[in-house]
Peer 1: 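There's a structure below that I have some questions on.
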Amino acid sequence: MHTVHRLYSQFQPQEYTLSLTIHESKRLLSGTVTIRGTIPSEQERITLHAKELNIESVTMNGHKARWELDGDELSCTYGEVMQTGEQVI
């Protein structure tokens, strides 16, 4: 069994904004999610839970991010150390 890291130790979400489109005939939802939160200490990457999600792209603080999906975890980085404080994914 794959061990999922604790999100809250890396990133503390404070607000989720969702924009969803319902595809009734396909029984499918598509859309975007914006997560605004705080990083308690400098991080090179943030790991999010992504169980059963099909990820097409990721941005972090307005920058195109590199990302990798490993099981239920989405690991995101954009090449810079993220400073403590508010972040938008």
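Below, each value reflects all heavy atoms present in this structure, side chains not excepted, and no hydrogens, waters or symmetry copies. Keep in mind it's a predicted model, so treat the numbers as computed, not measured.
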Peer 1: I want to check something: taking the side chain as every heavy atom from C-beta on, are M82 and I46 in contact at a cut-off of under 4.5 Å?
Peer 2: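 Contact flag for M82/I46 side chains = yes.
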Peer 1: Nearest heavy-atom pair of F11 and R36: which atoms, and what distance?
Peer 2: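 F11 and R36 have their closest heavy atoms at CZ-C, 4.2 Å.
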Peer 1: Quick check for you: to the nearest 0.5 Å, what is the distance between D72 atom CG and L48 atom CG?
Peer 2: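 The CG atom of D72 sits 12.5 Å away from the CG atom of L48.
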Peer 1: Give a yes or no on whether I22 atom CD1 has more than 12 heavy-atom contacts from other residues, nucleotides or ligands under 6.0 Å away.
Peer 2: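 Counting neighbours around CD1 of I22, 12 or fewer heavy atoms of other residues, nucleotides or ligands fall under 6.0 Å, so no.
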Peer 1: Between H23 and L29, is there a side-chain heavy-atom distance shorter than 4.5 Å?
Peer 2: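 They are not in side-chain contact.
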Peer 1: Are L18 and L28 linked, directly or through intermediate hydrophobic residues, by side-chain heavy-atom contacts shorter than 4.5 Å (ILVMFWY only)?
Peer 2: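 No: no chain of side-chain contacts under 4.5 Å links L28 to L18.
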Peer 1: Report yes or no: does Q12 contribute a side-chain atom to a donor-acceptor pair with the main-chain N or O of P40 at less than 3.5 Å?
Peer 2: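 Here the side-chain-to-backbone pair does not exist.
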Peer 1: Within this structure, what is the CD-CD distance for the pair E80 and E42, rounded to the nearest 0.5 Å?
Peer 2: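 Answer for the CD-CD pair, E80 versus E42, is 11.5 Å.
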Peer 1: Minimum heavy-atom separation for S41 and T84, please, with both atom names.
Peer 2: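 Looking at all heavy atoms of both residues, the shortest contact is CA-OG1, 3.4 Å.
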Peer 1: What do the steps show when you test Y16 against T34 for side-chain contact (heavy atoms from CB on, under 4.5 Å), and what is the final call?
Peer 2: CA-CA 6 Å; Y16 289 79; T34 302; over 6 Å; no
Peer 1: Do T38 and Q14 meet the criterion of a side-chain donor-acceptor pair at a distance under 3.5 Å?
Peer 2: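 Side chains of T38 and Q14: pair found under 3.5 Å.
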Peer 1: With a 3.5 Å distance limit and no angle check, can you tell me whether T21 reaches the backbone of G31 through a side-chain donor-acceptor pair?
Peer 2: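 Looks like no, no N/O pair under 3.5 Å.
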Peer 1: Determine whether the side chains of R45 and S75 contain a donor N or O and an acceptor N or O closer than 3.5 Å.
Peer 2: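 The criterion, which ignores hydrogens and geometry beyond distance, is satisfied for S75 and R45.
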Peer 1: Measure the OG1-CG distance between T32 and L20 for me, rounded to the nearest 0.5 Å.
Peer 2: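 One finds 7.5 Å between OG1 of T32 and CG of L20.
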Peer 1: Roughly how far, to the nearest 0.5 Å, is the OG atom of S9 from the CD atom of Q43?
Peer 2: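 Going from CD on Q43 over to OG on S9, the span is 7.5 Å.
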Peer 1: Going from CD1 on I39 to CD on E86, what distance comes out if it is rounded to the nearest 0.5 angstrom?
Peer 2: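 Separation between the atoms: 10.5 Å.
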Peer 1: Say whether, by atom type as modelled, one donor and one acceptor occur between the side chain of N61 and the main chain of V88 under 3.5 angstrom.
Peer 2: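 Yes: the side chain of N61 pairs with the backbone of V88.
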Peer 1: Are V58 and V81 joined in one hydrophobic group, where the rule is that I, L, V, M, F, W and Y side chains link up if heavy atoms are under 4.5 Å apart?
Peer 2: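 No, separate clusters.
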Peer 1: With the side chain counted from C-beta on, respond yes when T59 and Y78 share a heavy-atom pair under 4.5 Å apart, and no when they do not.
Peer 2: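 Sidechains of Y78 and T59: no contact.
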Peer 1: For the atom pair CD1 (I55) and SG (C76), what is the distance rounded to the nearest 0.5 Å?
Peer 2: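 So the gap between those two atoms works out to 8.0 Å.
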